[in-house]
Amino acid sequence: MEIPKTYNPKEAELDHYRRWEANGFFTPEINQNKDAESFSIVIPPPNVTGTLHMGHALQHTLMDTLTRWKRMLGYRTLFLVGVDHAGISTQLMVTRQLKKDEHKSPQDVGREAFTAKAWEWKEKYGGEITQQIRREGLSVDWSRERFTMDEDLSKAVREVFVRLYEEGSIYRGTRIVNWCPKDKTVLSDLEVKEEKAKDGKLYYLKYPIVSSYDILQTLTVATTRPETMLGDTAVAVNPNDERYSSLIGKSIDLPLTDRQIPIIADDYVESEFGTGAVKITPAHDANDWEIGERHGLEKLVIMNHDGTMNEAAGAEFAGLDRFEARTRIVERFEELGLLEKIEDYEVTLPRCERCKTIIEPLLSEQWFVKMDGLRDLALDLMRKENSPRFVPEVPHKKVYTAWLENLRDWTISRQLWWGHQIPAWYDDAGNVYVARTAEEAYEKAGSSGLRQDDDVLDTWFSSALWPFSTLGWTGEVTETQDLETFYPTDVLVTGRDILFLWVSRMVMTGLKFLGEKPFDDVIIHGTVLDKNGQRMSKTKGNGIDPLDVFDKYGVDATRMTLAGSATGVDFAWRDERVESFRNFANKIWNATRFCLMNSEGASVDLGSLKFNSGKGSLADRWIVSRLNRTAKAVNYALQTYQFHEAVQLLYHFFWDDFCDWYIELVKDEITAGSGYAGADDGDSPGVKPEAVEVSKETAASRTRILTVLEQALRMLHPFMPFLTEELWQKLPGVSNGMHNVAYATAERTIMLADYPSGDEALIDEKAENEMSAVIELISKVRNIRSEMNIKPSEKVPVHVAGSDSLRSILAENESKILKLARADRMVLAETLEVPKASARAVLTGAAEIAIPLEGLIDFAKERERLENQIAKLDVELQRLNGQLSNANFVERAPAEKVDELRVRQTEIIQQTATLGQNLAALA
RNA sequence: GCCGUCUUAGCUCAGUGGUAGAGCACUCGCUUCACACGCGAUAGGUCACAAGUUCAAAUCUUGUAGACGGCACCA
């Protein structure tokens, strides 16, 4: 079979994906084993407005790797995919489009037309991310694709809302909330991000005290937001503050208004801060609101929802933007001689996570979820069962627990049109009827003259139900088969930024409504940073588009790069790293190409790797041992979510063990008699292999190498799905008979092949030790050749002295050693008998080698070589001597350890002696 | 303010008590018939700093410095 010299990923990628999807390989139904254990994972639903970024690519890779691995192991596997309706984001997109296309605002078209537009937008543009997910190769079940606003999911949302309302956990109340004047909606605490302001100021305002005398007395208050003074309804001081005790009970003539406000005492005030007197604006500050509650103060709202001042702020200010009002008020205070001073002051400002607008704390009536009960469910689960298990555990377990412990009520209403409209209806008298449907509300009210609440729910309210709403939970008694089979899910893979917003809430709702946690393990992956270690962001423009990387290096190489980063750790993106995995993909391609060029008369046969002890050549037993050892280690690494460990194991097994050693060791056997060791440049057709008779031995060797390769491809498949499928399909003899039994009848594909789990019986310590000796010998010879500048084309004789067993191992592998060491003969003896003009080295086990180099040797260089070797050993020996002469060490360290060092000490002494003699002989 | 993470080879990072590792880059040598996206061979680190625990510390404890993250407060 002829294949090109270089792997071209793009060709393989789309074709295989189409075929996998069309054949239903991604669905759990492909699994024919009724007793199969299930494995399920739900994707963190990307925003419908979103496009793929590196964070997605990372988390998707981890999830797909796990899913493919479990599927190959025979689990009934569901990787559920879906998209989030992303309330604010989508509303903004659609609003923008409406403005651009029709020059209209949402209010112009009305709610119904607007949401219709939003659905249109979703159908048209919302598919981008799902196409990108296909490009990534994710083995998600498209037949179960979900959208958070699907009818079933919406039903689940209403059900949960009604149940929480009925038990009193959802309530409507008037509170200070986080208001975004740009998006014109309330936000939860988690959607507000604090940011340091560059030029914060602290304004000291003098408030005139109402006095029975005519002397003007003032009380100075400090504030960062002077504009709120128009809403002040008191000034507070600490009750123990002697400076002000006489003022308590008196009043202030509030400047710029015609109001008089009281001076009150409250413990909240810290005398040390500012002037020790605080202006109190209950309608525009959460702490002030508390004080207002305690003292029965009026709550005067002075701002509109768009951040402008309202009538209550007074005619002079009404209509001004809040920041214009600030400037204006400061000017007016100055005019009145009431501005004491302005200080620079570092202040952190709350900003809208989405649009970065400064949040206005505003008094507003909203819906809230009381979190106490839900919180306790999650906390108990953590305290009693240590669940969910975070990977890595530090720091997430602690952060998660601490957050729960300090949890406050959740503001769930949003002043948007795109989302789940709150299932609450009002009659003209203002009575509220919370119900699953309008009909149910009418029934409760005994009238159909009701108006549904205008607001929608926080997007995270529906996301919180994702692990079960997607599996068919609607709260009805008939639970679906999927829910039965796949809930709870096995593992959640997500970023740390949504630990509170999403993960914690899924835990709470899962426990509450299904009585069972939604997942066992939570992998919190790291953040992909740019090459300077900075977070990628749109504003910085330093983002790396995964699709560009796919185009340049291939999806598989990108996946290996992402999986190859340590779980949970941030890492700086380096193209060089993907490049090395692109090279790795090419290495796999070419190794396969070589095996295929020499596959005549052979086909993949698992039986060819089952050796009874002692049977099979050393190289064969060795590679089979390495294969099985690697398989065991890879499975363990995946079980413990050490993806990078698995990547390293596979990389080194394939490249070092399989390519660098095994292929080279058996090359002669594989190419024997074919006259076709390889195509020359790819241009000429080469010799047709069918012209040549393939011997039984050659065919057997070819079968073995093909089989090892086939197993390696299977192990690599969860990480590199496209390349491995592409190559696997080309191997002679592959069939659906290699599938896990659960998929016996499915059309043949590597993605359903049985995953190698590693056979302990085929791990052969003896073979690995013997091969180490062969490898050590070859390496030493190569080292001498290189340092003595012996041309690659020049063959040398190799003399080896060593034990009987070593000599017999080497003798058995003579032809291989000669080839790889580029030697023309190997002389084995008990002691070395070589001329003085030889280059020498020592081997493990009191063995030594020499290469006679009459006329070629550079004595000075050889002396240097030997001295270097001695010096290196001496460093180690000094350390060993130190340790072993320490009585404490010998007494207290485990005997095993002490013995180990003694053995090593003896060996070094012996080797040093040998090298010393060699050196002396040169003089 | 509170909590936490990181600091290891030129770069990016593994490594969690017992002789320091990888990839890339660097140096040297190779058109060796799968692959130059390759092959072979080197070089390169007092594991941020200090003290402590231990027979033994990159690894555990404490402190210091620097980088970063989360939470809270902010008149």
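In the text below, chain A, chain B and the rest are named by the order of the sequence lines, each starting its count at 1.
- At the heavy-atom level, A:Arg782 lies under 4.0 Å from the strands shown only through sugar-phosphate atoms.
- Nearest nucleotide to the A:Pro395 side chain, out of B:rC74, B:rG38, B:rG4: B:rG4.
- Closest to the side chain of A:Glu664, from the set B:rC35, B:rC74, B:rA14, is B:rC35.
- Heavy atoms of A:Val875 sit nowhere under 4.0 angstrom from any nucleic acid atom.
- Distance, A:Phe571 CZ to B:rC68 P: 19 Å, rounded to whole Å.
- Contact annotation for A:Glu645: no contact, since no heavy-atom pair falls under 4.0 Å across all strands.
- The pair A:Arg496-A:Asp570 meets the salt-bridge criterion, with a side-chain N (NZ, NE, NH1 or NH2) lying under 4.0 Å from an Asp/Glu carboxylate O.
- Of the candidate nucleotides B:rA14, B:rG18, B:rA22, B:rG18 has the atom nearest to the side chain of A:Phe889.
- For A:Thr224 against B:rC74, no side-chain N or O and base N or O form a donor-acceptor pair under 3.5 Å.
- The environment of A:Glu896 atom CD is sparse: at most 12 non-hydrogen atoms of other residues, nucleotides or ligands sit within 6.0 angstrom.
- Within 4.0 Å of A:Lys279, counting heavy atoms only, lies no atom of the nucleic acid at all.
- At the heavy-atom level, A:Thr348 lies under 4.0 Å from base atoms of the strands shown.
- OP1 or OP2 of B:rC39 sits under 4.0 Å from a side-chain N or O of A:Lys587.
- A:Asp575 and A:Trp573 share a side-chain donor-acceptor pair at under 3.5 Å.
- Using a cut-off of 4.0 Å between Lys/Arg side-chain N and Asp/Glu carboxylate O, A:Glu360 and A:Arg225 are scored as salt-bridged.
- Nucleotides B:rA14 and B:rA56 place their P atoms 30 Å apart, quoted to the nearest Å.
- Taking every side-chain heavy atom of A:Ala893 into account, B:rG18 is the closest of B:rG4, B:rA22, B:rG18.
- Base-pair partner of B:rG40: B:rC28 (Watson-Crick or G-U wobble, both distances under 3.5 Å).
- The listed nucleotides are B:rG4, B:rC37, B:rC24; the one nearest the side chain of A:Glu576 is B:rC24.
- Across the P atoms, B:rU46 and B:rA20 are found 13 Å apart, a figure rounded to whole Å.
- Within the 4.0 angstrom heavy-atom criterion, no nucleotide atom of any strand lies near A:Phe581.
- The base-pairing partner of B:rA9, taking Watson-Crick or G-U wobble contacts with both distances under 3.5 Å, does not exist among the strands shown.
- In this structure, the NZ atom of A:Lys398 is 8 Å from the P atom of B:rC3, given to the nearest Å.
- The aromatic rings of A:Phe643 and A:Tyr641 lie parallel to each other, with less than 30° between the two planes, well short of the 60° mark.
- Spacing of P atoms, B:rC28 relative to B:rA43, comes out at 15 Å, to the nearest Å.
- Salt-bridge formation is not detected for the pair A:Lys861/A:Glu864: no Lys NZ or Arg NE/NH1/NH2 atom is positioned less than 4.0 Å from an Asp or Glu carboxylate oxygen.
- Using a 4.0 Å heavy-atom cutoff across all strands shown, A:Glu876 reaches at least one base atom of the nucleic acid.
- Using a 4.0 Å cut-off, some side-chain N or O of A:His644 falls inside it from OP1 or OP2 of B:rG15.
- In this model, the phosphate group of B:rC3 is not approached by any side-chain N or O of A:Tyr400 to a distance below 4.0 Å at OP1 or OP2.
- Residue-level contact check: A:Lys872 touches the backbone only, with heavy atoms under 4.0 Å from sugar-phosphate atoms and none from bases.
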